[in-house]
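Remarks on the structure that follows.
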Amino acid sequence: MLWGPCILVLGVSGVGKTSKCLDYVARHPEWLYLRASALLSEATGKTTEALRTGSDMAIRDNQLLLGAALDRARTGREASPVLVDGHAVIDNDKHLVPVPVEAIAALRPDGFILLEASIEVLASRRDTAPRIRPRRSLADLARLMQAERDTVSTYAAILNLPLAHAQVEDVFQLDQLIDDLLRRVG
C-alpha cells in the first residue's frame with residue numbers, strides 16, 4: 001500500500017499546534033489532521049486527561065498503540081497526506097515521560113515539525129486558553145520545552161528524518177515548513 005506523507009507536528013501543550021494545523025488543513029483540504037491524544041483516547045476508551053496522568057509505564061504502553069490507531073484513522077484515505085499533532089514528552093504531573101521512539105516509528109513519519117514559543121507567551125496561552133492545562137512555573141515550562149526539543153531531535157537522528165523548527169507567532173503558518181519538509185523527503 002502506498003501511504004501519503006505523514007508529518008508529525010510536535011511541541012508542548014499550548015504552543016499552538018492545534019490552531020496552526022487546523023488553519024493549514026482548512027486551506028489544504030486534501031490533508032488529514034489527526035490528534036495523537038484523540039487517537040489514543042479512542043483506542044483505549046480513556047479520557048485524554050486520564051491518558052496524560054497515568055503512570056510512566058502506562059503512558060509508554062499507551063503510546064505504543066498509536067501506529068495501529070493512526071492506520072485505522074487513515075482507512076480509506078491511506079494515500080492522503082496527514083498532519084499528526086502530538087507531544088514527544090508527556091507531563092504526567094510527576095515526571096516528564098518521553099514517548100518511545102518505537103511509537104513514533106510506527107507512525108511512519110516522513111518528517112517532524114517542532115513548534116515552540118517564548119516561555120512567557122507559552123505561559124500566557126496556557127493560562128488563557130479554553131482548554132484547561134496544568135499550571136507550571138516558567139522554569140518548569142522551560143524544562144518541558146527543552147525536553148521536548150531534545151526528544152524530537154533524537155527522533156529525527158535515530159529515524160534519519162528531517163526536522164523543521166519554528167517559533168510560533170500570531171501570524172505564523174505551517175505552509176513553508178511543510179513545503180520544505182516534503183521537498184527534503186522528495
Side-chain angles (χ1 to χ4, degrees), residues 1-13 15-18 20-22 24-25 28-92 95-116 131 144 147-165 174 177-178 180-186:
M1 179 177 312
L2 184 61
W3 293 91
C6 177
I7 304 294
L8 303 188
V9 181
L10 303 169
V12 301
S13 181
V15 77
K17 297 179 306 296
T18 300
K20 299 310 176 187
C21 286
L22 288 172
Y24 184 83
V25 299
H28 300 274
E30 71 278 13
W31 281 77
L32 300 174
Y33 165 67
L34 299 166
R35 286 180 35 246
S37 59
L39 293 171
L40 287 177
S41 187
E42 185 175 319
T44 63
K46 296 178 182 175
T47 66
T48 55
E49 186 65 7
L51 290 165
R52 183 189 73 77
T53 58
S55 70
D56 296 12
M57 183 178 293
I59 288 171
R60 287 186 195 102
D61 289 346
N62 288 333
Q63 296 295 321
L64 295 173
L65 302 173
L66 269 174
L70 177 60
D71 288 351
R72 281 191 301 277
R74 292 182 81 177
T75 299
R77 295 194 60 192
E78 294 89 351
S80 295
V82 63
L83 293 179
V84 179
D85 165 350
H87 303 281
V89 175
I90 310 298
D91 174 356
N92 72 353
H95 304 108
L96 299 180
V97 184
V99 173
V101 69
E102 297 83 7
I104 299 301
L107 299 171
R108 294 183 303 280
D110 292 290
F112 303 97
I113 294 175
L114 174 62
L115 298 182
E116 295 186 319
R131 192 171 103 217
L144 176 57
E148 186 84 11
R149 184 182 309 124
D150 292 346
T151 304
V152 174
S153 295
T154 298
Y155 296 158
I158 289 172
L159 299 174
N160 195 30
L161 292 171
L163 166 61
H165 175 269
L174 290 171
L177 294 173
I178 291 172
D180 289 348
L181 278 179
L182 292 176
R183 271 194 293 282
R184 290 167 65 187
V185 298

(request) With rounding to the nearest 0.5 Å, note down the distance linking CZ in Arg108 to CG in Leu161. (result) 13.0 Å
(message) Nearest 0.5 angstrom please: Thr47 OG1 to Arg52 CZ, how far?
(response) 10.0 Å
Within-4.5 Å side-chain heavy-atom neighbours: [X] and [Y]:
{"X": "Cys21", "Y": "Leu174", "result": "yes"}
{"X": "Val89", "Y": "Asp150", "result": "no"}
{"X": "Ile113", "Y": "Ile178", "result": "yes"}
{"X": "Leu40", "Y": "Leu66", "result": "yes"}
{"X": "Pro5", "Y": "Leu182", "result": "yes"}
{"X": "Val101", "Y": "Thr154", "result": "no"}

Sub-3.5 Å donor-acceptor pair from the side chain of [X] to the main-chain atoms of [Y], do we have one?
{"X": "Tyr155", "Y": "Leu163", "value": "no"}
{"X": "Arg74", "Y": "Gly4", "value": "yes"}
{"X": "Thr53", "Y": "Asn92", "value": "no"}
{"X": "Glu78", "Y": "Trp3", "value": "no"}
{"X": "Lys17", "Y": "Val12", "value": "yes"}
{"X": "Asp110", "Y": "Cys6", "value": "yes"}
{"X": "His87", "Y": "Leu10", "value": "no"}

(request) Would you mind telling me which of Leu181, Val152, Leu177 makes a side chain to side chain contact (heavy atoms under 4.5 Å, CB included) with Phe112? (result) Val152
(message) I need the single residue from Leu39, Leu70, Asp71, Val82 that forms a side chain to side chain contact (heavy atoms under 4.5 Å, CB included) with Leu107. Which is it?
(response) Leu70
(message) List the residues meeting salt bridge (charged side-chain N to carboxylate O under 4.0 Å, His left out) with Asp180, not counting sequence neighbours, and say none if there are none.
(response) Arg183
(message) side chain to side chain contact (heavy atoms under 4.5 Å, CB included), that's the test. Do Leu32 and Arg77 meet it? Break it down for me.
(response) CA-CA 9 Å; Leu32 300 174; Arg77 295 194 60 192; 2.8 Å; yes
Nearest non-hydrogen partners of [X] and [Y], listed with the distance:
{"X": "Ser41", "Y": "Leu51", "value": "N-CD1, 3.5 Å"}
{"X": "Arg72", "Y": "Thr75", "value": "O-OG1, 2.9 Å"}
{"X": "Pro109", "Y": "Ala105", "value": "CD-O, 4.0 Å"}
{"X": "Ala43", "Y": "Ala69", "value": "CB-CB, 4.3 Å"}

(request) For Ser37, enumerate each residue passing the side-chain hydrogen bond (donor to acceptor under 3.5 Å, both in side chains) test, keeping only those at least two apart in sequence or located in another chain. (result) Arg35
Would you mind writing out the side-chain donor-acceptor pairs for residues 57-65 within the sub-3.5 Å range, not counting sequence neighbours?
residue, atom, partner, partner atom, Å
Asn62, ND2, Ala58, O, 3.2

